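Below: the structure, in structure tokens.
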Protein chains: 2
Amino acid sequence: MTAAALLNTIRANGLRVSTARRCVLDSLLAAEQPLTAEEIAGSGDIASVYRNLETLEEIGIVRHVHLGHGPGRYVLKMRSGGWATCDRCGRSTLLNPEALQRIRAVVMDTAGFDAGFGHFPIVGTCTDCTQA
Amino acid sequence: MTAAALLNTIRANGLRVSTARRCVLDSLLAAEQPLTAEEIAGSGDIASVYRNLETLEEIGIVRHVHLGHGPGRYVLKMRSGGWATCDRCGRSTLLNPEALQRIRAVVMDTAGFDAGFGHFPIVGTCTDCTQA
DNA sequence: ATACTTGCAAATGATTTGCCAGTGT
DNA sequence: ACACTGGCAAATCATTTGCAAGTAT
């Protein structure tokens with residue numbers, strides 16, 4: 001999945017590739033971590049950023065996550081997955097696919113829930129912080 | 001743990017049992033589910049409710065949870081635990097202790113995280129909604 | 001008596017909406 | 001051209017803070 005493919009998805013949904021829309025995508029493509037709307041907007045118009053994020057989420061390009069307190073954050077869906085956040089150091093990381101699968105299986109088995117941890121993370125204390 | 005024991009905890013922490021504080025506790029004692037600050041306040045002063053909830057959380061009586069979008073919710077800690085919320089029907093339930101233990105164990109084993117699901121729930125589709 | 005608390009108002013932070021001018025197709 | 005979008009201002013929702021008056025101990 002490339003940047004060009006994302007633009008095609010936008011057009012395929014009957015939407016336009018506007019400058020503001022591209023800026024949002026470029027921010028997300030350049031980011032290592034999920035970003036807040038404010039971080040994406042920079043000095044630009046934040047209302048447009050929120051509107052575009054909502055639109056991009058509707059067509060399945062963007063994912064909205066809440067990794068802790070504070071504002072919501074946004075990531076490209078292709079770079080998202082199951083999240084884990086440390087309640088001490090605050091770091092958020094993606095669960096590796098095997099770990100996610102095993103956790104999902106137990107949740108399904110014990111609670112009957114088909115869970116993904118793609119919106120709220122697993123919150124707990126990470127190994128580093130537990131040892132410290 | 002009784003209602004009277006909660007009042008003792010308040011006094012034991014050098015705090016006063018005021019009318020507003022009692023009202024917050026009474027709301028939480030009467031509730032079946034976590035409540036929003038607005039629900040707790042009713043027609044009363046919501047700023048005092050927020051302040052009291054924060055105080056009660058600090059002394060370990062109350063727990064703050066985010067079960068989905070919308071405002072935060074508050075429960076008595078003695079009635080809280082690991083939460084699961086269905087992303088279709090929106091219902092939130094407490095995980096039974098055995099399920100919670102097994103889930104915590106895999107999370108520790110696969111991701112190295114000591115997680116409790118006491119603040120953010122496990123979000124997924126519940127059995128009823130999956131079948132429907 | 002003296003802190004701790006309240007209640008009101010106002011401030012703050014995050015997000016949404018109305019509206020009209022601007023622009024991609 | 002024509003509908004989709006952007007940008008600005010204002011509204012809304014959740015929560016916090018300042019402060020003078022009230023009250024539990």
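Order of the sequence lines fixes the chain letters, A, B, ..., with proteins taken first and strands second; residue numbering starts at 1 for each chain. Since we're looking at a predicted model, the values are computed, not measured.
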Practice problem: Tell me what B:Gly44 touches on the nucleic acid: a base, only sugar-phosphate, or nothing, going by heavy atoms under 4.0 Å. | Solution: nothing
Practice problem: Decide if atom CZ of A:Arg79 counts as having more than 12 heavy atoms of other residues, nucleotides or ligands within a radius under 6.0 Å. | Solution: yes
Quiz item: When you check the side-chain N and O atoms of B:Thr125 and B:Asp87, is any donor under 3.5 Å from an acceptor?
Solution: yes
Quiz prompt | Student check: side-chain heavy atoms of A:Leu25 and A:Ile10 closer than 4.5 Å | solution = yes
Practice problem: Can you tell me the distance, in whole Å, between the CD1 atom of B:Ile59 and the P atom of C:dC4? | Solution: 15 Å
Quiz item: For atom CD of A:Glu58, is the number of surrounding heavy atoms from other residues, nucleotides or ligands below 6.0 Å larger than 12?
Solution: yes
Quiz prompt | Where B:Pro34 and B:Trp83 come nearest, the two heavy atoms and their spacing | solution = CG-CH2, 3.6 Å
Practice problem: Using heavy atoms to find the nearest nucleotide of DNA chain D for A:Gly14 and B:Gly70 separately, return the residue whose nucleotide is more 5′. | Solution: A:Gly14
Quiz item: Rounded to whole angstroms, how far apart are NE2 on A:His69 and P on D:dT16?
Solution: 9 Å
Quiz prompt | Value in whole Å for how far the P atom of D:dT5 lies from CG of A:Leu56 | solution = 10 Å
Quiz prompt | A:Glu57 CD to C:dT16 P, straight-line distance once rounded to whole Å | solution = 10 Å
Quiz prompt | Identified stems (criterion: three or more consecutive Watson-Crick or G-U pairs, under 3.5 Å), DNA chain D | solution = C:1-10 with D:16-25, C:12-14 with D:12-14, C:16-25 with D:1-10
Quiz item: Are B:Ile122 and B:Val107 connected, step by step, through hydrophobic side chains (Ile, Leu, Val, Met, Phe, Trp, Tyr) whose heavy atoms are closer than 4.5 Å?
Solution: yes
Quiz item: What is the minimum heavy-atom distance between A:Gly81 and A:Leu94, and which atoms define it?
Solution: N-CD2, 3.4 Å
Quiz item: Roughly how many Å is it from CD in B:Glu58 to P in D:dT16, rounded to a whole number?
Solution: 11 Å
Quiz prompt | Electrostatic pair B:Glu39-B:Arg73, nearest N-O below 4.0 angstrom | solution = yes
Practice problem: Indicate the ring-plane relationship of A:Phe117 and B:Phe117, choosing parallel, tilted or perpendicular according to the 30° and 60° boundaries. | Solution: tilted
Exercise. Provide, to the nearest angstrom, the distance between the CD atom belonging to A:Glu38 and the P atom belonging to C:dT12.
Key: 15 Å
Exercise. Please work out which of the three classes, parallel, tilted or perpendicular, describes the rings of A:His66 and A:His119, given edges at 30° and 60°.
Key: perpendicular
Quiz item: Which whole-number value in Å describes the distance from A:Leu53 CG to D:dT5 C1'?
Solution: 15 Å
Which atom pairs link the protein and nucleotides 17-19 of chain C when you take only N or O atoms and keep those under 3.5 Å?
residue, atom, partner, partner atom, Å
C:dG18, O6, A:Arg51, NH1, 3.3

Practice problem: Using atom CZ of A:Arg22 as one end and atom C1' of D:dG6 as the other, report the distance to the nearest whole Å. | Solution: 17 Å
Quiz prompt | Short side-chain N/O contact to C:dT5 OP1/OP2 from B:Asn52, under 4.0 Å | solution = no
Look for any protein N or O under 3.5 Å of an N or O in nucleotides 22-25 of chain D and output each such pair with its distance, or none.
residue, atom, partner, partner atom, Å
D:dA24, N3, B:Arg16, NH1, 3.1
D:dT25, OP1, B:Arg11, NE, 3.4
D:dT25, OP1, B:Val17, N, 3.4

Practice problem: Answer yes when B:Asp128 and B:Arg88 have at least one side-chain N-carboxylate O distance shorter than 4.0 Å, and no when they do not. | Solution: no
